[in-house]
Amino acid sequence: MNLQASHEILLAGNSFEDCRKKVLRFFDRILLVKYEKITIDEERSLSSVDQDFWSRVDQGIAINKQVIHGLVEELKGEGLQTMDDLKDLQRGYLSSMFHTAIHLLDGFFGIDSFFYNLEEDSHGLSGNMSGIIERSSNIYWLISVKAGSDKDRFEQFDSLRSAGK
């Protein structure tokens, strides 16, 4: 099983190269998301002075919201209708879906994160940050990332989980 993921990372930096290094450092240091290969797509990456910047940010946030919506709808389809239903949620597929949705809401980066705002540790963009970017448009970048892992990496994480039981 191969995992392929795409991410759009928003961050400040003096140049594409500066941001590329920061993104690679982020992926190197994050504990729970480890990919075998990370490729920075320079052609698809862009600075906030690019005319497509804001539409790409909006599109990335919309993709994250679509994922949350899909997870919530699937949970509802499985019988979760109220917060009280969470008390009886069994560990497994449904709790994993709920867990993923919460991470997309709370800003915790995961493999399901498409747009990620590294400046605010968020899957969205605050009004304050939007204003900062608009006033400082030459130092913010949207870095496009393609990443992947193979089955062996996931088996390593499974063994870590079972060791804690």
Side-chain angles (χ1 to χ4, degrees), residues 1-77 80 86 93-150 153-154 157:
M1 176 180 127
N2 287 335
L3 168 75
Q4 299 298 316
S6 296
H7 306 290
E8 300 255 317
I9 310 293
L10 174 72
L11 71 159
N14 294 321
S15 66
F16 167 78
E17 185 60 25
D18 182 37
C19 290
R20 184 188 73 77
K21 288 177 183 175
K22 287 180 181 181
V23 167
L24 291 174
R25 190 173 327 121
F26 168 72
F27 280 107
D28 188 48
R29 292 181 177 174
I30 194 165
L31 296 176
L32 294 179
V33 177
K34 295 293 181 193
Y35 294 116
E36 298 297 319
K37 183 177 182 181
I38 297 171
T39 303
I40 305 296
D41 186 344
E42 184 172 3
E43 287 184 28
R44 191 148 161 75
S45 299
L46 46 88
S47 77
S48 52
V49 297
D50 189 291
Q51 68 181 19
D52 294 330
F53 179 82
W54 288 108
S55 64
R56 285 266 302 281
V57 168
D58 291 343
Q59 177 186 24
I61 292 170
I63 289 170
N64 285 347
K65 287 181 180 181
Q66 286 174 339
V67 172
I68 294 168
H69 177 78
L71 292 168
V72 168
E73 289 303 309
E74 195 165 344
L75 287 165
K76 286 166 59 176
L80 267 72
L86 292 174
Y93 178 68
L94 294 179
S95 65
S96 292
M97 282 194 305
F98 181 72
H99 185 90
T100 299
I102 294 303
H103 280 316
L104 285 167
L105 291 168
D106 73 4
F108 193 87
F109 184 84
I111 61 171
D112 295 296
S113 303
F114 180 73
F115 171 83
Y116 191 71
N117 175 349
L118 197 55
E119 297 298 311
E120 296 182 301
D121 292 322
S122 169
H123 292 94
L125 184 66
S126 71
N128 184 50
M129 179 57 76
S130 291
I132 291 169
I133 293 170
E134 287 173 358
R135 290 187 300 276
S136 310
S137 60
N138 61 338
I139 63 166
Y140 286 88
W141 288 77
L142 193 58
I143 302 298
S144 184
V145 178
K146 301 287 185 208
S149 295
D150 62 23
R153 176 66 69 178
F154 290 111
F157 284 118

[X] versus [Y]: any side-chain heavy-atom pair under 4.5 Å?
X: Ile9; Y: Leu142; answer: no
X: Val67; Y: Leu71; answer: yes
X: Glu8; Y: Arg44; answer: yes
X: Phe26; Y: Leu118; answer: yes
X: Leu125; Y: Trp54; answer: yes
X: Ile40; Y: Phe16; answer: yes
X: Val145; Y: Ser6; answer: no

Working to the nearest 0.5 Å, report the span between [atom1] of [X] and [atom2] of [Y].
X: Gln4; Y: Ser149; atom1: CD; atom2: OG; answer: 8.0 Å
X: Phe98; Y: His103; atom1: CZ; atom2: NE2; answer: 10.5 Å
X: Tyr35; Y: Lys146; atom1: OH; atom2: NZ; answer: 11.5 Å
X: Leu104; Y: Phe109; atom1: CG; atom2: CZ; answer: 10.0 Å
X: Ile133; Y: Asn117; atom1: CD1; atom2: CG; answer: 7.0 Å
X: Lys22; Y: Asn14; atom1: NZ; atom2: CG; answer: 7.0 Å

Using distance alone, with no hydrogens and no angle criterion, decide if Glu74 and Tyr93 have a side-chain donor and acceptor under 3.5 Å apart.
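Yes, a side-chain donor-acceptor pair sits under 3.5 Å.
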So which atom in [X] and which in [Y] form the shortest heavy-atom distance, rounded to 0.1 Å?
X: Gly110; Y: Val33; value: CA-CG2, 3.8 Å
X: Gly13; Y: Cys19; value: CA-SG, 3.5 Å
X: Asn64; Y: Phe114; value: OD1-N, 2.9 Å
X: Ala101; Y: Ile68; value: O-CG1, 4.4 Å
X: Ile143; Y: Leu11; value: CG1-CD2, 3.7 Å

Heavy-atom neighbours of Glu120 CD exceed 12 at 6.0 Å
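Yes, because the 6.0 Å sphere around CD of Glu120 holds more than 12 heavy atoms from other groups.
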More than 12 heavy atoms of other residues, nucleotides or ligands under 6.0 Å from CD of Gln51: yes or no?
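Atom CD in Gln51 is not crowded, with 12 or fewer foreign heavy atoms closer than 6.0 Å.
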Using the rule given for ring-ring contact (aromatic ring centres under 6.0 Å, His included), can you reason through His123 versus Phe115, listing the C-alpha separation, both sets of side-chain angles and the distance that settles it, and then say yes or no?
CA-CA 6 Å; His123 292 94; Phe115 171 83; 8.3 Å; no
Backbone of [Y] reached by a side-chain donor or acceptor of [X] within 3.5 Å:
X: Arg135; Y: Gly131; answer: yes
X: Ser15; Y: Asp18; answer: yes
X: Ser48; Y: Trp141; answer: no
X: Ser113; Y: Tyr116; answer: no

Ring-plane angle category for His7 and Phe27, please: parallel below 30°, perpendicular beyond 60°, tilted otherwise.
tilted
